[in-house]
Amino acid sequence: MHIIYSMQQSYTLDTLFSDLDVTINQKGHRRTFEELFSINFVKYDASRIASLQLAIHQLSEKDISSIIDNNPTVKKISWPAFENFLLNYLICVRDLDPWSVIRSIDLMITVFECQSILFNPKTAFHDQISKQAIPYFEESMALMIPLSKFIDIESMHLHNRNYDYPRLTHISTILLKALNNIRSTPDLNDRMNVGKINLLFHISTSLCNVYYKIGSPILCSNVFSNVNILNLNRRYVSLSSLVTFRFIMGKYYAHQSNFMVSFHHLRACFESITVDNCPMTNILIILKYIVPVGLIVGKVADINRIRARLLKNGAQNDETRKLDALLNIYQPLVSNYKVGNCYGVYKTIFDNEAYWKHIGLWIPMLQRLRIPIFRNLAHQLWKMNGGNLTFGMLKTGLRVSMQGMETLGTAYQVKEDNYLEVDDLFVDNVLASIVFNGFLKMKMNADRTLYFSKNDIFPDMHTVLSGRFSLNPREAWLDN
């Protein structure tokens with residue numbers, strides 16, 4: 001079925017090639033690459049596409065290829081990759097079924113793949129065309145990723161399958177090809193290539209999101225390596241692209257249990273944004289990760305300060321209500337963490353278990369907070385007792401801190417037996433763990449008398465961990 005309307009056959013191959021000549025030679029008023037070759041066929045001028053389809057619907061692939069080969073503009077360009085792109089675009093227009101996405105999407109994917117090869121130019125003239133194609137590829141990427149995901153999901157429903165994303169997986173290979181082609185640009189790290197650099201970052205973050213969707217997040221590591229090795233000047237990267245890229249890195253490292261590096265990137269994101277330069281939706285996404293990851297590495301967020309900063313104008317809309325709901329989850333989590341209330345922390349996690357599983361942090365929140373919580377409890381008791389702490393005080397404090405833990409699920413338990421009976425061995429283990437991690441400077445003799453260091457008894461946890469876990473030196477360009 002073809003796009004045929006009651007109209008004159010006004011847009012032909014000759015017209016298309018004439019427009020192409022004007023566009024690539026940048027003569028006067030001209031169409032953009034998106035207007036000429038968009039695969040979002042209804043965005044610009046659907047009647048033009050309908051007319052072109054009518055003009056070529058009887059031509060064979062060989063006929064179209066011959067017309068392309070003999071066109072003076074195409075000969076002047078002299079670039080096989082561009083000729084292949086033109087051929088597949090025209091085949092897509094010829095065979096497009098406007099009433100069926102499923103019948104047309106593979107044609108569109110083929111065109112999208114041909115676009116990716118345009119970022120491997122052979123001459124300066126080709127490079128000029130390549131730069132003109134940047135917004136065109138951006139537009140196609142914004143269309144093809146969600147469209148491919150939609151088709152795959154519908155196919156899964158139809159065939160009763162799960163986690164099967166053949167088209168989205170193919171899209172990931174196209175994005176990787178485009179990324180590698182841009183990476184190979186000579187003198188990429190130059191102000192003249194700012195457009196390509198920002199496209200590189202958009203492709204990188206989109207590719208990582210696709211990897212997450214198809215269940216292969218570990219492949220994000222290859223993307224980061226491919227970008228980091230370029231050692232780019234980050235001042236050539238737009239703030240939004242930089243923040244998005246570093247957020248993806250922060251999320252990935254959190255899911256790989258590399259929490260210090262994760263927090264470093266997430267903090268850089270959060271410190272770069274304001275309600276004036278970043279949509280509230282994106283702020284919410286960053287907050288979802290930076291607060292819990294911060295607790296794991298000993299950095300406690302000031303929820304009241306965040307609330308005041310982000311809700312300063314008092315306006316209420318859907319996004320601010322979502323922010324308020326998120327902070328209402330994190331407020332008791334942070335408050336109980338600071339005072340060493342083990343039950344309070346784990347009850348908050350238990351009450352929002354589905355949320356923690358959704359963001360992929362449920363297991364780390366169960367496993368990584370115990371020692372920091374007990375350290376904070378010891379510190380709180382030490383301050384309450386005028387700068388002193390006894391074994392018996394900590395034993396009593398642990399019993400109070402864990403009171404109620406038995407009401408939570410098995411996964412939340414931090415000891416095997418009765419919480420009302422905290423024995424000396426458990427306290428020994430808690431103290432040993434806190435000291436071993438460097439969060440407390442003390443010694444204990446045989447009768448369980450505690451002897452504290454003369455200074456810096458409770459070192460800052462984040463400082464301790466920073467000295468123990470180094471950042472990736474290949475990512476230093478992001479901070480320079």
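Bear in mind that the values here come from a model prediction, so they are computed numbers and not experimental data.
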Open item on the list: Using every non-hydrogen atom in the two residues, find where E139 and S38 come nearest and quote the distance to one decimal.
Closed with: OE1-OG, 2.7 Å
Open item on the list: To the closest 0.5 Å, what do you measure between CD1 (I306) and CG (L323)?
Closed with: 9.0 Å
Task: R234 to N480 - nearest heavy-atom pair and separation - done: NE-O, 2.5 Å
Open item on the list: Are there over 12 heavy-atom neighbours, none belonging to I229, within less than 6.0 Å of that residue's CD1?
Closed with: no
Task: Min side-chain heavy-atom separation I109-I174 under 4.5 Å - done: yes
Open item on the list: Can you tell me how far apart CZ (F224) and CG (N472) are? Round to the nearest 0.5 Å.
Closed with: 11.0 Å
Open item on the list: Once rounded to the nearest 0.5 Å, what's the spacing between atom CD1 of I171 and atom CG of D152?
Closed with: 9.0 Å
Open item on the list: Can a side-chain donor-acceptor contact be found between T244 and S241 if the only test is distance below 3.5 angstrom?
Closed with: no
Open item on the list: When you compare the side chains of N304 and D302, does any donor N or O come within less than 3.5 Å of an acceptor on the partner?
Closed with: no
Open item on the list: Nearest 0.5 Å, please: how far is CG in L230 from CG in N189?
Closed with: 8.0 Å
Open item on the list: Rounded at 0.5 Å granularity, tell me how far CZ in R368 sits from CD1 in I371.
Closed with: 11.5 Å
- [ ] Take I129 and F33, measure what side chain to side chain contact (heavy atoms under 4.5 Å, CB included) needs, and give me the verdict at the end.
- [x] CA-CA 9 Å; I129 296 172; F33 255 70; 3.6 Å; yes
Open item on the list: Quick check: do L199 and F201 have side-chain heavy atoms less than 4.5 Å from each other?
Closed with: no
Open item on the list: If we ignore hydrogens and angles and just use 3.5 Å, is the side chain of H462 paired with the main-chain N or O of V297 as donor and acceptor?
Closed with: yes
Task: Intermediate values then yes/no, side chain to side chain contact (heavy atoms under 4.5 Å, CB included), F263 and I296 - done: CA-CA 9 Å; F263 183 76; I296 291 172; over 6 Å; no
- [ ] Decide if atom CG of D447 counts as having more than 12 heavy atoms of other residues, nucleotides or ligands within a radius under 6.0 Å.
- [x] yes
Open item on the list: Is it true that, when you exclude K131 itself, more than 12 heavy atoms of the residues, nucleotides or ligands shown sit nearer than 6.0 Å to its NZ?
Closed with: yes
Task: Euclidean distance, I285 CD1 relative to C269 SG, rounded to 0.5 Å - done: 11.0 Å
Open item on the list: When you compare the side chain of Y451 with that of M444, does any pair of heavy atoms fall below 4.5 Å?
Closed with: no
Open item on the list: Whether the side chain of N376 engages the backbone of Y337 through a donor-acceptor N/O pair (distance < 3.5 Å, no angle test) should be reported.
Closed with: yes
Open item on the list: As a quick check of understanding, evaluate salt bridge (charged side-chain N to carboxylate O under 4.0 Å, His left out) for R246 and D479, giving each step before the final call.
Closed with: CA-CA 11 Å; R246 296 196 78 165; D479 299 306; 3.1 Å; yes
TODO: Report, as yes or no, whether the 6.0 Å neighbourhood of atom CE on M156 holds more than 12 heavy atoms from other residues, nucleotides or ligands.
DONE: yes
- [ ] Say whether, by atom type as modelled, one donor and one acceptor occur between the side chain of N385 and the main chain of G387 under 3.5 angstrom.
- [x] no
Task: N40 and E34, any side-chain heavy atoms less than 4.5 Å apart - done: no
- [ ] Taking all non-hydrogen atoms of both residues into account, name the closest pair between L310 and M280 and its distance.
- [x] O-CE, 3.6 Å
Open item on the list: Are there over 12 heavy-atom neighbours, none belonging to R191, within less than 6.0 Å of that residue's CZ?
Closed with: no
Open item on the list: Does this structure show an ion pair linking K395 with D423, if we count only N-O contacts that are shorter than 4.0 Å?
Closed with: no
Open item on the list: Show every ring pair (Phe, Tyr, Trp, His ring centres under 6.0 Å) that has at least one partner inside residues 339-358, sequence neighbours left out.
Closed with: Y330-W356, F350-Y412
- [ ] Take R161 and D164 through the test salt bridge (charged side-chain N to carboxylate O under 4.0 Å, His left out) and record every step on the way to the result.
- [x] CA-CA 7 Å; R161 297 196 304 262; D164 183 24; 2.6 Å; yes
Task: Closest approach of L107 to R103 (non-hydrogen atoms, all atoms of both residues) - done: CD1-O, 4.3 Å
Open item on the list: Can you tell me how the ring of Y289 sits relative to the ring of F247, calling it parallel under 30°, perpendicular over 60° and tilted otherwise?
Closed with: perpendicular
TODO: Would you indicate whether the side-chain heavy atoms of E113 and H170 approach each other to under 4.5 Å?
DONE: yes
- [ ] Could you tell me if the ring centre of H379 sits under 6.0 Å from that of F374?
- [x] no
Open item on the list: Is any side-chain heavy atom of I290 closer than 4.5 Å to one of L287?
Closed with: yes
TODO: Could you pull out the closest heavy-atom pair between S272 and N277, with the gap in Å?
DONE: O-ND2, 3.4 Å
- [ ] Give the ring-plane orientation class for F85 versus Y136, where under 30° counts as parallel, over 60° as perpendicular and anything between as tilted.
- [x] perpendicular
Task: Side-chain donor-acceptor pair present, N341, S401, cut-off under 3.5 Å - done: no
Task: Any L333 side-chain heavy atom under 4.5 Å of M365 side chain - done: yes
Task: Heavy-atom closest contact (I214 atom, S172 atom, distance) - done: CD1-OG, 4.3 Å
Open item on the list: So for atom NZ, which belongs to K338, do other residues, nucleotides or ligands contribute more than 12 heavy atoms lying within a distance under 6.0 Å?
Closed with: no
Task: Distance-only polar pair, side chains of W477 and N228, donor-acceptor under 3.5 Å - done: yes
- [ ] Check whether more than 12 heavy atoms from other residues, nucleotides or ligands sit under 6.0 Å from atom CG of D187, and answer yes or no.
- [x] no
Task: F150 atom CZ, neighbour heavy-atom count above 12 within 6.0 Å - done: no
- [ ] Pick out which of L207, V223, N180 makes a side chain to side chain contact (heavy atoms under 4.5 Å, CB included) with L175.
- [x] L207
TODO: Indicate, with yes or no, if the rings of F112 and F137 have centres closer together than 6.0 Å.
DONE: yes
Task: Centroid separation Y212 to Y252 less than 6.0 Å - done: no
TODO: Before giving the answer on ring pair (Phe, Tyr, Trp, His ring centres under 6.0 Å), spell out for F245 and H265 the whole-Å C-alpha distance, their side-chain angles and the decisive distance to 0.1 Å.
DONE: CA-CA 9 Å; F245 183 72; H265 289 299; 8.2 Å; no
Open item on the list: Under a plain distance cut-off of 3.5 Å, with no hydrogens placed, do N88 and N84 share a side-chain donor-acceptor pair?
Closed with: yes
- [ ] For K213, enumerate each residue passing the salt bridge (charged side-chain N to carboxylate O under 4.0 Å, His left out) test, keeping only those at least two apart in sequence or located in another chain.
- [x] none
Open item on the list: Does this structure show an ion pair linking D127 with K122, if we count only N-O contacts that are shorter than 4.0 Å?
Closed with: no
